[in-house]
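Comments concern the structure below.
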Amino acid sequence: MFLRGSASPEALAVAAGRHVLAASEATAQAVAPRLVLKARSETAERAALQEIAAWAGQFTPQISLDAPDAVLLEVAASLRLFGGLAALLRRLESGLAELGFRAVIAGAPAPLAAALLARAGRSGCVGAGELAAALAPLPAALLELDGDVAETLAAIGVATLGDCFRLPRAGLARRCGPGLLRQLDRALGRAPDPRPWFAAPASFAARIEFDWPAESTEPLLFVARRLLAGLAGFLAARHGGVERFDLVLEHEARAATQLVVELASRGRDERRFLDVLRERLARLALAAPVVALGLAAGEIRDLAGVSRDLFDDGRRSREACARLLENLRARLGDDLVSGVRAVPAHRPEFAWASAEPGLKQKLEGLCGSRPLWLLEPPQALPERDGEPRWDGPVALLAGPERIESGWWDGKDCCRDYYVGSGPQRELLWLFRERRAAGGWFLHGLFA
């Protein structure tokens, strides 16, 4: 949990009071003065469990929390969908690593058994026939025991679950109470173990603290990738998508910086989120070092999954256009990316206007015999014997189309337009000025 904010974390230990509860792999080799000591935070532990559970909802809806350190998933109904147990375990392990969590994944027919095996560091799955043997060497202290029961077990020499299994049930109940027997039966799958199901929140919010203040955007992108992986899993679990998300950069001595990332269309693809955010961060100048990074997405909308079609229905090309548009806006800024819409006007330079990019527009007035690429201003062309030239002679293919308009606003024109072919077979749109000045001008190019 504390290691998520760094690509190469230092030796670290988590303590409650004078007791060390957990340590990183590097701690065993660390020199004492270099050891980073973090105080335990139950609030942060709950938030981490909830983030993992919300992400894991893409694999199964049947999830429960086993505080302070375990998330339980009922996956029997999901095995076929994800290619079997081994494939599902690989996806869970790699996915948790992308989130920045180090986890021990254990599977068993009973939820308590799976939690006990994971807490003991025993990864892998065991079946019903080998469950008792797998649980036997585990410490009895892993059970939820009150002080009196723990002292009683220690006094009679019971150290493992196997020791508990071998003792007469009546005597064990008399000495330790029925609660111990109920836990043992639940662990062995002999008694029901109902648990409340986890209910995912309606919106996504997650936060990661940096080991050291980040002074450039490169560390931000590394940590943001972990947050975006959690968002993508959360959305997949809800069969939803977002059109925007907010990145919050927390500073130590000043107000946080909020970065709003807008998408051209609804989505939940982690790579797509990351591409857009990378462009936005590349243009960002940090106001101060960043000590923590938060990600929030509030407006979740339904988004159906993508199925493979035998015939292309155009969806892929539309999605590609949408991604290109949002990447351009992220890189250049919203003000420099716009669409175009037709305006009912005869003069070509007034027959279009800027529009919100991505919106469907009717462009009949801009297409047909008129090119979409207009020169501003029109380029004067040299003449030879009254014929236009553009890096050579121009052959007139169609025309003239006479346009006389604009007398009411002082920007009137009187032109004869032609479609011509240049020396390299380029299609040109040119006109001859009919007023006193005269002359040929290139006004547009056909794609």
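As a basis for the values below, the full set of heavy atoms in this structure was taken, side chains included, without hydrogen atoms, waters or symmetry mates.
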Going through the checks in order, is the side-chain contact (heavy atoms from CB on, under 4.5 Å) test met by Leu247 and Gln258? CA-CA 6 Å; Leu247 193 71; Gln258 185 170 358; over 6 Å; no
Evaluate side-chain contact (heavy atoms from CB on, under 4.5 Å) for Thr257 paired with Val248, printing each intermediate quantity in order. CA-CA 6 Å; Thr257 301; Val248 180; over 6 Å; no
Would Leu167 and Ile156 count as a side-chain contact (heavy atoms from CB on, under 4.5 Å) here? Give the steps. CA-CA 10 Å; Leu167 290 176; Ile156 62 178; 4.1 Å; yes
For Val261 and Asp246, what are the C-alpha separation, side-chain angles and deciding distance, and is it a side-chain contact (heavy atoms from CB on, under 4.5 Å)? CA-CA 6 Å; Val261 179; Asp246 299 336; over 6 Å; no
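Looking at Leu85 and Cys125, their side chains come closer than 4.5 Å, going by heavy atoms from C-beta outward. Residues Val242 and Ile300 are in side-chain contact: their nearest non-hydrogen atoms beyond the backbone lie under 4.5 Å apart. Contact annotation: the side chain of Gln379 approaches that of Trp390 to within less than 4.5 Å [non-hydrogen atoms, C-beta and beyond]. Looking at heavy atoms from C-beta onward, Trp373 lies in side-chain contact with Leu445 at the 4.5 angstrom threshold. Side-chain contact between Leu277 and Leu220 is absent, with no heavy-atom pair separated by less than 4.5 Å. At least one side-chain heavy atom of Leu231 sits under 4.5 Å from a side-chain heavy atom of Leu235. Considering only heavy atoms from C-beta on, Leu303 comes within 4.5 Å of Arg268 through its side chain. Here the side chains of Val75 and Phe59 are not in contact, with every heavy-atom distance at 4.5 Å or above.
Under a 3.5 Å cut-off, the side chain of Glu74 and the backbone N or O of Ala76 do form a donor-acceptor pair. Under the 3.5 Å distance criterion, the side-chain polar atoms of Glu426 are matched with a main-chain donor or acceptor of Gln424. Proximity of a side-chain donor or acceptor of Ser123 to a complementary backbone N or O of Val104 within less than 3.5 Å is not detected. Proximity of a side-chain donor or acceptor of Glu299 to a complementary backbone N or O of Arg244 within less than 3.5 Å is not detected. Within the 3.5 Å criterion, the main-chain N or O of Ala191 finds no donor-acceptor partner in the side chain of Arg182.
Taking both residues in full, the closest heavy atoms of Pro348 and Trp352 are given as O-CD1, 3.7 Å, listed atom of the first, atom of the second, then distance. Here the closest non-hydrogen pair linking Leu138 and Ala120 is CD2-CB, 3.5 Å. Looking at every heavy atom in both residues, Ser64 comes nearest to Arg195 through OG-CD, 3.8 Å. Contact between Thr217 and Leu281 at its shortest, heavy atoms only, is CG2-O, 3.5 Å. Looking at every heavy atom in both residues, Ala200 comes nearest to Phe234 through CB-CE1, 4.4 Å. Taking every heavy atom of both residues into account, Ala134 and Val126 meet most closely at CB-CG1, 3.8 Å.
Interatomic distance, CG of Asp146 versus SG of Cys176, reported as 9.0 Å (0.5 Å rounding). Going from atom CZ of Arg254 over to atom CG of Leu249 covers 11.5 Å, rounded to the nearest 0.5 Å. Here the CZ-CZ distance, from Arg278 to Arg271, works out to 10.0 Å after rounding to the nearest 0.5 Å. Rounding to the nearest 0.5 Å places CG of Leu227 at 6.5 Å from CZ of Phe204. Here Leu131 contributes atom CG and Arg190 contributes atom CZ; the two are 9.0 Å apart, rounded to the nearest 0.5 Å. For the atom pair OG1 of Thr160 and CG of Leu135, the computed distance is 10.5 Å after rounding to the nearest 0.5 Å.
Around atom CZ of Arg175, no more than 12 heavy atoms belonging to other residues, nucleotides or ligands sit under 6.0 Å away. More than 12 heavy atoms of other residues, nucleotides or ligands sit less than 6.0 Å from atom CD of Glu130. When the shell of 6.0 Å around CD of Glu93 is examined, it contains 12 or fewer heavy atoms from other residues, nucleotides or ligands. The local environment of CZ in Arg283 is crowded, with over 12 non-hydrogen atoms from other residues, nucleotides or ligands closer than 6.0 Å.
The pair Asp66-Arg119 meets the salt-bridge criterion, since a charged nitrogen lies less than 4.0 angstrom from a carboxylate oxygen. Residues Asp185 and Arg169 are paired through a salt bridge, judged by an N-O separation under 4.0 Å between the basic side chain and the carboxylate. Using a cutoff of 4.0 Å between basic side-chain nitrogens and carboxylate oxygens, Arg272 and Glu270 are not scored as salt-bridged. For the pair Glu98 and Arg225, the salt-bridge criterion is not met [side-chain N within less than 4.0 Å of a carboxylate O].
Using cut-offs of 30° and 60° for the angle between ring planes, the His443 and Trp429 rings count as parallel.
Between Glu218 and Ser216, the side chains place a donor N or O and an acceptor N or O closer than 3.5 Å (distance only, hydrogens not considered).
The side chain to side chain contact (heavy atoms under 4.5 Å, CB included) test with Leu112 singles out one residue from Leu72, Leu188, Asp193, Leu184, and that residue is Asp193.
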